[in-house]
Amino acid sequence: MSEDFFSAAELVNLTFNNLKPDFMKNASDIYDVWRKVLYRIRGKVNPNEGENLASHSRVVDLKNGVLLVEADHPGWIELLQLHKVFILKGMKMEKPEIEINSMVFRLKGKKAEIHDFERNEKDFQEAQEKALKKLNLQEEKLKEMGFAENKAANTRKSEEMPQELKNLFDKLKSDMLTNAKNK
């Protein structure tokens with residue numbers, strides 16, 4: 001076979017080698033707890049509200065204690081938000097070893113996802129360092145070309161105001177004060 005193609009057996013092996021048993025167990029537990037907690041919800045108008053919520057929503061991801069839930073209509077998201085506190089407490093009671101502090105929602109078919117903050121922070125720091133190096137190189141090139149930084153230009157000289165300008169300000173000041181007194 002060519003190097004560009006993989007056999008079906010190789011694809012299956014590659015897929016399942018990347019899956020961790022602990023992760024799969026937690027995912028299964030979260031799914032089960034999600035449905036169990038939702039089935040406990042009873043609406044005033046609809047006693048099967050929890051079952052309906054369970055059939056129209058699913059857990060997509062859990063990162064940093066934030067549970068990402070997908071629903072197939074904005075109305076279901078609204079109902080899930082209405083029961084958010086109940087759902088979070090129920091999930092903590094059922095599975096205290098799984099840390100869930102908050103829930104966020106997305107509409108089915110949208111590509112929203114939870115980002116790993118620590119990874120993003122590292123990427124940000126690397127980009128910042130790279131930009132700083134580039135800035136330093138540019139400053140060095142400018143100095144080589146004869147464009148030295150003029151620190152004196154950045155500071156204001158404390159010069160006296162010309163006498164003519166002082167006289168104009170004094171006249172304006174006195175006019176304003178006398179006009180204010182005359183009114």
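Note that the structure is predicted; figures quoted are calculated from it, not measured. Counting begins at 1 with the first residue of the sequence.
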S.K.: Checking side-chain contact (heavy atoms from CB on, under 4.5 Å) for the pair Ser102/Lys84: CA distance, chi angles, key distance, verdict?
M.R.: CA-CA 9 Å; Ser102 182; Lys84 186 176 184 175; 4.3 Å; yes
S.K.: Under the salt bridge (Lys or Arg N to Asp or Glu O under 4.0 Å) criterion, do Asp175 and Lys171 qualify, and how do the steps go?
M.R.: CA-CA 6 Å; Asp175 286 348; Lys171 184 177 184 313; 3.5 Å; yes
S.K.: Quick check: do Leu80 and Leu82 have side-chain heavy atoms less than 4.5 Å from each other?
M.R.: no
S.K.: How about Met145 and Glu140: do any of their side-chain heavy atoms sit closer than 4.5 Å?
M.R.: no
S.K.: Are the side chains of Phe169 and Met161 in contact, using a 4.5 Å heavy-atom criterion?
M.R.: yes
S.K.: Any donor and acceptor pair, going by atom type alone, linking the side chain of Asn46 with main-chain N or O of Asn48 inside 3.5 Å?
M.R.: yes
S.K.: Would you check if there is a donor-acceptor pair between the side chains of Gln138 and Asn136 at a distance under 3.5 Å?
M.R.: no
S.K.: Does the Arg35 side chain pair with the main chain of Ala54, one donor and one acceptor, at a distance under 3.5 Å?
M.R.: yes
S.K.: If you measure from CD1 on Ile41 to CG on Leu79, what distance do you get to the nearest 0.5 Å?
M.R.: 9.0 Å
S.K.: Look up atom NE2 in His83 and atom CD in Glu49, then write down how far apart they are to the nearest 0.5 Å.
M.R.: 4.0 Å
S.K.: Supply the atom-to-atom distance His73 NE2 to Ile77 CD1, rounded to the nearest 0.5 angstrom.
M.R.: 9.5 Å
S.K.: I'd like to know if Glu70 pairs up with Lys108 as an ion pair, taking the criterion as any Lys NZ or Arg NE/NH1/NH2 lying under 4.0 Å from an Asp or Glu carboxylate oxygen.
M.R.: no
S.K.: Take Glu97 and Lys95, measure what salt bridge (Lys or Arg N to Asp or Glu O under 4.0 Å) needs, and give me the verdict at the end.
M.R.: CA-CA 5 Å; Glu97 65 271 13; Lys95 276 291 188 190; 3.1 Å; yes
S.K.: Are Glu94 and Arg40 ion-paired here, with the side-chain N under 4.0 Å from a carboxylate O?
M.R.: yes
S.K.: Is it the case that more than 12 heavy atoms not belonging to Phe86 sit under 6.0 Å from its CZ atom?
M.R.: yes
S.K.: Taking side-chain contact (heavy atoms from CB on, under 4.5 Å) as the criterion, tell me which of Val33, Ile98, Leu38 meets it with Met91.
M.R.: Val33
S.K.: What distance separates Ile30 CD1 from Leu67 CG, expressed to the nearest 0.5 Å?
M.R.: 6.5 Å
S.K.: Are there over 12 heavy-atom neighbours, none belonging to Glu164, within less than 6.0 Å of that residue's CD?
M.R.: no
S.K.: Looking only at heavy atoms, what is the nearest atom pair of Asn52 and Ser55, with distance?
M.R.: O-OG, 3.0 Å
S.K.: Can a donor-acceptor pair be found, under 3.5 Å and without considering hydrogens, that links the side chain of Arg42 to the backbone of Tyr39?
M.R.: yes
S.K.: When you compare the side chain of Asn101 with that of Val66, does any pair of heavy atoms fall below 4.5 Å?
M.R.: no
S.K.: Is any side-chain heavy atom of Asp170 less than 4.5 Å from a side-chain heavy atom of Ser174?
M.R.: no
S.K.: For the pair Val85 and Lys89, evaluate side-chain contact (heavy atoms from CB on, under 4.5 Å) and give the outcome as yes or no after the intermediate values.
M.R.: CA-CA 6 Å; Val85 173; Lys89 283 183 181 178; 3.9 Å; yes
S.K.: To the nearest 0.5 angstrom, please state how far the NZ atom of Lys134 sits from the CD atom of Glu129.
M.R.: 16.0 Å
S.K.: With rounding to the nearest 0.5 Å, note down the distance linking CH2 in Trp34 to CZ in Arg58.
M.R.: 11.5 Å
S.K.: On a heavy-atom basis, which atom in Leu68 and which in Phe105 lie closest, and how many Å separate them?
M.R.: CD1-C, 4.4 Å
S.K.: What pair of heavy atoms forms the shortest contact from Leu62 to Ile100, and how long is it?
M.R.: CD1-CG1, 4.0 Å
S.K.: I need the single residue from Leu107, Val69, Leu53 that forms a side-chain contact (heavy atoms from CB on, under 4.5 Å) with Trp76. Which is it?
M.R.: Leu53
